[in-house]
Amino acid sequence: MVQNDFYLAVFDLVRLIPNGKVTSYGAIARCLGSPQAARMVGYAMNAAHQHDPEIPAHRVVNRMGMLSGKNHFAHITLMQELLEHEGHTIVQDQIQNFDLVFWNPQSIVA
DNA sequence: CGGGTGACTCGAC
DNA sequence: CGTCGAGCCACCC
């Protein structure tokens, strides 16, 4: 399986997420020029798990800041654990003050 | 080859 | 303001 540029771009972008910050699938997809490919971003994250460098997939959540992909981690609570370890507050699988910890991928382009 | 699914998002009621 | 449905793209069966 060969990762397309889209996948690589997603991996690279997620890897560039600053510590203590998070982003959304749609933001990544939009940054890549395919705002409708948000679903594919999540799918790419699945492949990211087997990628060589450790990709902070836990820093990627849906647009509402909910840990929608926690079920795909080794443990459904691992994602929350990692996020909380970075200083985030999570209630009911939802990141509090998501707008404050949100990181815009466009920031690296600008 | 064809159909179904999903770590999403937006629009309409 | 809250909930429901449709759309989109790539991968798996």
Side-chain angles (χ1 to χ4, degrees):
Chain A
M1 52 204 320
V2 184
Q3 282 88 352
N4 296 340
D5 293 339
F6 187 81
Y7 278 52
L8 294 175
V10 173
F11 298 146
D12 199 23
L13 207 65
V14 174
R15 225 180 307 162
L16 291 173
I17 299 174
N19 191 299
K21 294 283 184 174
V22 295
T23 187
S24 64
Y25 304 96
I28 296 170
R30 193 178 308 188
C31 185
L32 298 178
S34 300
Q36 318 305 39
R39 307 193 94 175
M40 212 35 4
V41 175
Y43 208 97
M45 299 267 68
N46 198 354
H49 184 67
Q50 64 184 350
H51 208 260
D52 275 321
E54 297 180 13
I55 298 176
H58 59 273
R59 291 180 185 161
V60 185
V61 294
N62 67 352
R63 199 189 176 295
M64 295 190 294
M66 187 168 69
L67 311 186
S68 51
K70 64 171 188 165
N71 294 319
H72 287 255
F73 279 76
H75 303 290
I76 61 177
T77 55
L78 179 61
M79 191 173 187
Q80 181 172 337
E81 288 282 318
L82 293 170
L83 288 170
E84 287 181 339
H85 190 268
E86 294 188 357
H88 298 301
T89 303
I90 300 169
V91 178
Q92 290 182 339
D93 300 339
Q94 189 171 313
I95 299 175
Q96 303 301 296
N97 302 326
F98 178 67
D99 55 341
L100 297 179
V101 298
F102 179 79
W103 176 73
N104 189 346
Q106 281 287 5
S107 188
I108 63 173
V109 181

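The sequence lines fix the lettering, A, B, ..., with proteins before strands; numbering per chain opens at 1. Computed from a prediction, not measured in an experiment: that's the story for all the values here.
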### Minimal non-hydrogen separation, Leu83(A) against Arg59(A), with atom names
CD2-CA, 4.3 Å
### Task
Identify the heavy atoms of Val61(A) and Met66(A) that sit nearest to each other, and give their distance.
CB-O, 3.6 Å
### Query
Among the clusters formed by ILVMFWY side chains lying less than 4.5 Å apart, do Val10(A) and Phe102(A) turn up in the same one?
no
### Task
Round to the nearest Å and state the distance from Gln50(A) atom CD to dC11(C) atom P.
12 Å
### Query
His58(A) and Glu86(A): side-chain donor and acceptor closer than 3.5 Å?
yes
### Task
Using the C1' atoms only, state how far dT3(C) lies from dA7(B), rounded to an integer number of Å.
22 Å
### Task
Take the protein atom OH of Tyr7(A) and the nucleotide atom P of dA10(C), then report the distance between them rounded to whole Å.
8 Å
### Query
What are the two closest non-hydrogen atoms of Ala57(A) and Met79(A), and how far apart are they?
O-CE, 3.9 Å
All N/O pairs under 3.5 Å across the protein-nucleotides 1-5 of chain C interface:
none

### Message
Using a strict heavy-atom distance below 4.0 Å, which residues from residues 14-23 of chain A are in contact with DNA chain B?
### Response
none
Output a table of nitrogen or oxygen pairs between the protein and nucleotides 5-7 of chain B separated by less than 3.5 Å.
residue, atom, partner, partner atom, Å
dA7(B), OP1, His72(A), NE2, 2.2
dA7(B), O5', His72(A), NE2, 3.0
dA7(B), N7, Gly42(A), O, 3.2
dA7(B), N6, Met45(A), O, 3.1
dA7(B), N3, Tyr25(A), OH, 3.1

### Close side-chain approach of Val14(A) to Ile28(A), heavy-atom, < 4.5 Å
yes
### Query
When clusters are formed by joining ILVMFWY residues with side-chain heavy atoms under 4.5 Å apart, either directly or through shared neighbours, do Ile108(A) and Tyr25(A) land in the same one?
yes
### Message
Same cluster or not: Leu78(A) versus Met45(A), using hydrophobic residues (I, L, V, M, F, W, Y) connected whenever any side-chain heavy atoms lie under 4.5 Å apart?
### Response
no
### Query
Looking only at heavy atoms, what is the nearest atom pair of Phe98(A) and Asn62(A), with distance?
CZ-O, 4.0 Å
### Query
Is the closest side-chain heavy-atom distance between Ile17(A) and Val60(A) below 4.5 Å?
yes
